[in-house]
Every structure is written in structure tokens, then in C-alpha cells.
Amino acid sequence: MKRSLTLLVTLVLFIAFAAPVVQADSSNNLLKGVGKKKSRRPSMSLLLRDDLKAEFQAIWEAYLAEDKDDYLSHFADKLTMDARTLVGKRAASTKADLDKRVTREFKLQDFTKVQFEECFDLRSPNMVFVISEEMMHDHIPVWGFMIEPKQIRKYMKPGDYLVIANTLPDVFDKVSMPSTVYLIFRKIGDKYLVVGMD
């Protein structure tokens, strides 16, 4: 009986002290890349960035197809347009102002001569990237765009996202476009709409 009791106590002590060591070893193995790993869930910020890049593409494809109704459907009723496009006017503007501007631009040249892929390269981080308003204050990546960050940041609010892109050089022989474009997206209702642009 004493022997059984001694064995039982020894077993309990072994489990109590050895289990944490085994657990620590398996944790260390995971850190070293050994053993089972949990599958990583995609980050919401990456999904959102992809969504906004896709939205950027849809907007520019509508513009290049000169589909004004589709193009305007991506914009909020009130927006800002930077000084390049509204010389002598204040930046605060409306969708009606954008409608007039786009009508004028479509009369001046034929944008249907070019495709989206000729204008922008969404795969290149040097040509297109997405950045949040919060990151615009102190986490700006290497900036390779003509427009200064502070020029854009003044139009942004917390929660906004900027999609900024350099235009590919080959397109300039076909149509007149700015070398850098940007769109500021804001969540309005259940979708992101453009509230600011170059």
C-alpha cells in the first residue's frame, strides 16, 4: 500500500512539474519553426488596401472609358479638388463641379485611346500605394510622388485612406495626364467614396 501511494505521489509530482517544461519546449519549437503552426488569417488592413486599389482601378477605368455616370458614382457629394484642377477657386467643391470638369476634359481629348494598364501599375509599390491618415503623420514610406504629403494631409480626416499613383511614362504620348494622381477615400455608410482628389 505504501509503495502504491509513493508511486501515485511521484506520478502527481512528475505531472505537476514536468508538464510546464514540455509545454515550454513545444512553444520554443513553434518559435523555431518546428511543429504545428496556426494558419495565418489575412490582415484586414491588407484586404482593405486591396479593396481600395481595386476601387482606384474601377474609377480610372470608368474615366478612361469616358463613362461619366459610372465615374461620378464613386464620389461623395462634397469633396475637395486640389489647386491644380481648380485654379483660382477654393478647394471645397461638389460632385456637380466635378461633373462639369469631367465633361470639359472629355471634350478636350479622347481618353478611350488608352487602357488602365498603360497608365498605372498597381503591382509596383513605387508607382502606387495606399496609406491611412494616421500613417500620413509619422509613418510615411519613402515618398516618390510629385505632390507633397502635407498638401494632401490637410484634406484628410482620421479613418481616411489615400491611394496615390505615378502615371506610367508611356501614356503621355497618347493623352495628357498628370504625372501623379491621388484619391482620398472615406467610409460613408457601408462603402468607401472619394472625398478628395488631385
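What you see below is based on every heavy atom in this structure, not just the backbone, and it leaves out hydrogens, waters and symmetry mates. Position 1 is the first residue of the sequence; numbering continues from there.
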Qualifying salt bridge (Lys or Arg N to Asp or Glu O under 4.0 Å) pairs, either residue in residues 119-129, two or more places apart: D121-R123
Partner residues of K68 under the side chain to side chain donor-acceptor pair (under 3.5 Å) criterion, sequence neighbours left out: D99, T103
Results of side chain to side chain donor-acceptor pair (under 3.5 Å) for S124 - residues two or more places apart only: none
Residue list, ring pair (Phe, Tyr, Trp, His ring centres under 6.0 Å) with F106, at least two apart or on another chain: Y63
Polar side-chain atom of S93 near backbone of T80 as donor-acceptor pair, under 3.5 Å: no
Side chain D70, main chain D67, donor-acceptor under 3.5 Å: no
Over 12 foreign heavy atoms within 6.0 Å of CE, M127: yes
For K191, side chain to side chain contact (heavy atoms under 4.5 Å, CB included) partners two or more places apart: L193
NZ/K100: more than 12 non-hydrogen atoms of other groups inside 6.0 Å: no
Closest non-hydrogen atom pair between I140 and P149, with its separation: CD1-CB, 3.6 Å
Atom of G196, atom of L79 and distance for their closest heavy-atom approach: N-CB, 4.3 Å
Contacts of type side chain to side chain contact (heavy atoms under 4.5 Å, CB included), residue K150, not counting sequence neighbours: E148, R153
Greater than 12 external heavy atoms within 6.0 Å of Q151's CD: yes
Set of residues satisfying side chain to side chain donor-acceptor pair (under 3.5 Å) with respect to E61, sequence neighbours excluded: Q57
Validation row, ring centre F56 to ring centre F185 under 6.0 Å: no
Those residues that, when tested against K187, pass side chain to side chain contact (heavy atoms under 4.5 Å, CB included) (two or more places apart): Y192
Exercise: identify the closest heavy-atom pair between L72 and K95: O-NZ, 3.3 Å
Any donor-acceptor N/O pair, S132 side chain to Y161 backbone, under 3.5 Å: no
Qualifying salt bridge (Lys or Arg N to Asp or Glu O under 4.0 Å) pairs, either residue in residues 171-185, two or more places apart: E118-K174
Contacts of F145 that satisfy ring pair (Phe, Tyr, Trp, His ring centres under 6.0 Å) - sequence neighbours left out: F129, W143
Partners meeting side chain to side chain donor-acceptor pair (under 3.5 Å) with E134 (sequence neighbours left out): none
Minimal non-hydrogen separation, V114 against C119, with atom names: CG2-SG, 4.0 Å
Nearest non-hydrogen partners of P178 and T167, listed with the distance: O-OG1, 2.6 Å
Residue list, ring pair (Phe, Tyr, Trp, His ring centres under 6.0 Å) with F75, at least two apart or on another chain: Y71
